[in-house]
Amino acid sequence: MQQVVILGTGGTIAGTGVDPGRSWQYQAAQLTVAQLVQAVPALSASHLDVVQVAQIDSKDMSWAVWRSLGDALQQYLTRDDVAGVVITHGTDTLEETAYLLSHFVDARKPVVLTAAMRPATAHDADGPGNLRDAVRVVHEAARRRLGGVVAVLHGRIWAAEHVRKAHTAQLDAFDGGGHAPLALVDEGGQWTAAAPAWPTSAARAWSLLAKKPPRVEVVHSHADADGWLLDAALAYAGDHGPLDGLVLAGTGHGTLHQGLEAAVNRARAVGVTVWRSSRVARGGVMSRDSDSLRAAGDLTVAQARVALMLYLLESK
Ligand code: SIN
């Protein structure tokens with residue numbers, strides 16, 4: 001049997017609390033990925049290699065951790081004895097990491113992110129089941145010759161570019177922003193309603209992650225959005241290094257308050273690349289003939305920020 005490599009980064013899946021009945025009171029990133037694996041008897045027959053890449057609450061995700069994940073993936077995915085990789089992650093920024101990695105991982109081997117909404121010490125801890133499913137999905141995907149990045153959460157397989165956290169507390173916290181899961185995974189590890197293929201982005205050179213990331217910020221449009229924050233950012237950038245890119249979390253179909261729009265024009269005039277997305281959960285922002293700003297499509301605001309960073313890195 002080929003090996004599955006499990007890369008640990010922390011998150012609630014590795015979290016612990018004092019009271020198993022009060023699952024909202026805990027600290028993320030306390031258990032090692034080796035401990036997480038040991039807690040899942042169903043994995044004892046699997047041939048696993050575990051590597052602790054980081055140990056963070058994913059609210060603190062950084063380019064440096066993404067670079068470390070990239071280094072580890074390059075190392076393990078090229079090994080003939082490795083079927084694929086599981087990454088244990090926090091739920092809060094999982095959609096960013098999954099989307100980023102999908103630009104680098106080619107279609108040859110599966111990379112599966114998983115997470116949990118309850119800490120490992122909770123009565124209703126969901127991490128062990130999610131981890132078991134993620135390893136099974138790697139084996140089954142390898143058997144079906146499916147490769148690329150997906151997330152396995154609560155019995156569903158999500159494409160990296162669609163997955164997003166859609167609830168702050170429920171066990172079933174993720175959705176696809178209007179896109180269906182690629183497959184459902186039942187308790188026995190069988191897939192139902194499986195899509196025939198997994199989407200993969202063009203495989204970019206991993207060396208892109210070694211570069212200094214551009215500064216890309218997010219600004220929301222809302223009632224009374226008069227561009228104050230953006231003008232302040234532009235003034236600050238004068239002394240502290242350039243603002244390279246800006247993602248607008250617009251209203252509705254990515255529209256902007258006229259006050260913010262005027263500030264956006266000032267930003268563009270000094271060389272800031274601006275993309276528009278929406279603060280609305282589903283539907284995305286499509287391009288229109290009259291567009292002066294690039295539309296971020298189906299991506300969440302946070303994923304659009306990742307996309308703009310990659311765009312700027314490639315165009316430098
Ligand atoms: C985190 O994202 O690391 C904490 C929250 C979670 O995993 O649910």
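Both counts, for ligands and for their atoms, begin at 1 and track the order of listing. For the single chain, residues carry numbers from 1 onward in sequence order.
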Exercise for the section: Return yes when A173 approaches ligand 1 closer than 4.0 angstrom through a heavy atom, no otherwise. Expected result: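 Contact check A173 vs ligand 1: negative.
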Among all protein heavy atoms in this structure, tell me which lies nearest to [atom], with the distance rounded to 0.1 Å.
atom: atom 2 (O) of ligand 1; value: S58 OG, 2.6 Å
atom: atom 8 (O) of ligand 1; value: T91 OG1, 2.5 Å
atom: atom 5 (C) of ligand 1; value: T12 OG1, 3.1 Å

Problem - Non-hydrogen side-chain atoms of V270 and L234 separated by less than 4.5 Å - result: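 Heavy-atom side-chain distance check passes, below 4.5 Å.
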Problem - N or O contact, D57 vs ligand 1, cut-off under 3.5 Å - result: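 The answer is yes, given that D57 and ligand 1 share an N or O pair closer than 3.5 Å.
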Problem - Where ligand 1 meets D92 - atom numbers and elements under 4.0 angstrom, heavy-atom basis - result: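 Answer for ligand 1: 1 (C), 2 (O), 4 (C), 5 (C).
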Handout entry: Residue pair L73, W206: steps toward the side-chain contact (heavy atoms from CB on, under 4.5 Å) verdict
Key = CA-CA 10 Å; L73 287 171; W206 288 104; 3.8 Å; yes
Practice task
Please name all residues satisfying side-chain contact (heavy atoms from CB on, under 4.5 Å) with T300, sequence neighbours left out, ordered by chain then number.
Solution key: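 So T300 forms a side-chain contact (heavy atoms from CB on, under 4.5 Å) with E95, R164, A302, Q303.
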Handout entry: side-chain hydrogen bond (donor to acceptor under 3.5 Å, both in side chains) partner of K165, the single match among T93, D92, D175
Key =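 Between K165 and the candidates, side-chain hydrogen bond (donor to acceptor under 3.5 Å, both in side chains) is satisfied uniquely by D92.
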Exercise for the section: May I ask you to decide if T32's main-chain N or O and Q35's side chain share a donor-acceptor pair within less than 3.5 Å? Expected result: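 Indeed, once roles are kept as given, a pair shorter than 3.5 Å links the two residues.
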Exercise for the section: Specify side chain, backbone, both or neither for A115, according to which of its non-hydrogen atoms lie closer than 4.0 Å to ligand 1. Expected result: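 For A115, no heavy atom sits under 4.0 Å from ligand 1.
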Exercise for the section: Using ring pair (Phe, Tyr, Trp, His ring centres under 6.0 Å) as the criterion, list what pairs up with W275, not counting sequence neighbours. Expected result: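 If we apply the ring pair (Phe, Tyr, Trp, His ring centres under 6.0 Å) test to W275, skipping adjacent residues, the hits are Y311.
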